[in-house]
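Each remark here refers to the structure printed beneath this line.
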Amino acid sequence: MIMMRSSPSQDHSNSRAPKGHFVVYVGNEMKRFVIPTSYLKHPHFQQLLDKAAEEYGFHNTKGIVLPCDEATFGRLVSFLAKYM
């Protein structure tokens with residue numbers, strides 16, 4: 001599994017994630033990450049999505065914003081990449 005992080009200088013408002021991946025935004029700077037959809041099955045990732053729904057609701061027009069910092073998200077994705 002590969003996690004890709006976009007360059008902050010690129011405009012991704014019209015970019016789509018490759019097949020089998022989806023986009024999330026993380027941290028105060030709203031860094032864009034493209035991650036595999038297989039991560040959706042993992043309970044830790046589901047908990048993070050539930051927390052996002054509680055904080056931001058389901059009608060967020062900014063996309064999927066995860067309520068954690070980049071370092072925490074990086075650790076989660078590293079863990080998922082090893083075990084998924």
Side-chain angles (χ1 to χ4, degrees):
M1 305 288 167
I2 298 173
M3 177 188 77
M4 297 179 290
R5 186 173 123 181
S6 65
S7 166
S9 63
Q10 295 174 338
D11 178 16
H12 292 284
S13 58
N14 293 324
S15 296
R16 295 189 65 147
K19 186 175 182 174
H21 293 75
F22 67 104
V23 174
V24 296
Y25 297 91
V26 177
N28 292 334
E29 296 181 23
M30 299 282 290
K31 298 274 177 124
R32 181 181 192 267
F33 291 86
V34 179
I35 57 175
T37 55
S38 61
Y39 289 7
L40 292 170
K41 295 184 236 176
H42 196 278
H44 291 326
F45 200 86
Q46 290 175 3
Q47 288 175 342
L48 189 55
L49 289 173
D50 289 343
K51 188 174 177 184
E54 287 174 17
E55 264 191 58
Y56 307 118
F58 290 107
H59 302 290
N60 186 356
T61 59
K62 296 177 184 177
I64 300 173
V65 179
L66 300 178
C68 65
D69 58 71
E70 275 187 75
T72 302
F73 184 71
R75 287 190 297 276
L76 174 61
V77 170
S78 293
F79 170 80
L80 294 175
K82 289 179 186 176
Y83 299 103
M84 302 260 344

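Worth knowing before you read on, the calculation uses all heavy atoms, side chains too, and leaves out hydrogens, waters and symmetry mates. Residues take their numbers from the sequence shown, with the count starting at 1.
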Does the pair L40 and L49 meet the rule for a side chain to side chain contact (heavy atoms under 4.5 Å, CB included), with working shown?
-> CA-CA 9 Å; L40 292 170; L49 289 173; 3.5 Å; yes
Closest approach of F73 to F45 (non-hydrogen atoms, all atoms of both residues) | CE1-CE1, 4.0 Å
Minimum heavy-atom distance Y25-M30, with the two atoms named = CD2-O, 3.6 Å
Residue pairs passing the side-chain hydrogen bond (donor to acceptor under 3.5 Å, both in side chains) test where at least one lies in residues 75-84, sequence neighbours excluded = T72-R75
With sequence neighbours left out, the residues meeting side chain to side chain contact (heavy atoms under 4.5 Å, CB included) with E55 are K51, P67
Within a radius of less than 6.0 Å around CG of N28, do more than 12 heavy atoms belonging to other residues, nucleotides or ligands occur?
-> no
Would you name the heavy atoms of V65 and A52 that are closest together and state the gap between them?
-> O-CB, 3.3 Å
Could you tell me which residues satisfy side chain to side chain contact (heavy atoms under 4.5 Å, CB included) with H44, sequence neighbours excluded, listed by chain and number?
-> H42, Q47, L76, F79
Separation between CZ of F33 and CD1 of I64, rounded to the nearest 0.5 Å = 14.0 Å
Say whether, by atom type as modelled, one donor and one acceptor occur between the side chain of E70 and the main chain of K31 under 3.5 angstrom.
-> no
Looking only at non-hydrogen atoms, find the nearest pair between L66 and Y56 and report the distance.
-> C-CE1, 4.4 Å
Quick one: do V77 and Y39 satisfy side chain to side chain contact (heavy atoms under 4.5 Å, CB included)? Show the steps, please.
-> CA-CA 8 Å; V77 170; Y39 289 7; 4.0 Å; yes
Say whether, by atom type as modelled, one donor and one acceptor occur between the side chain of T37 and the main chain of H21 under 3.5 angstrom.
-> no
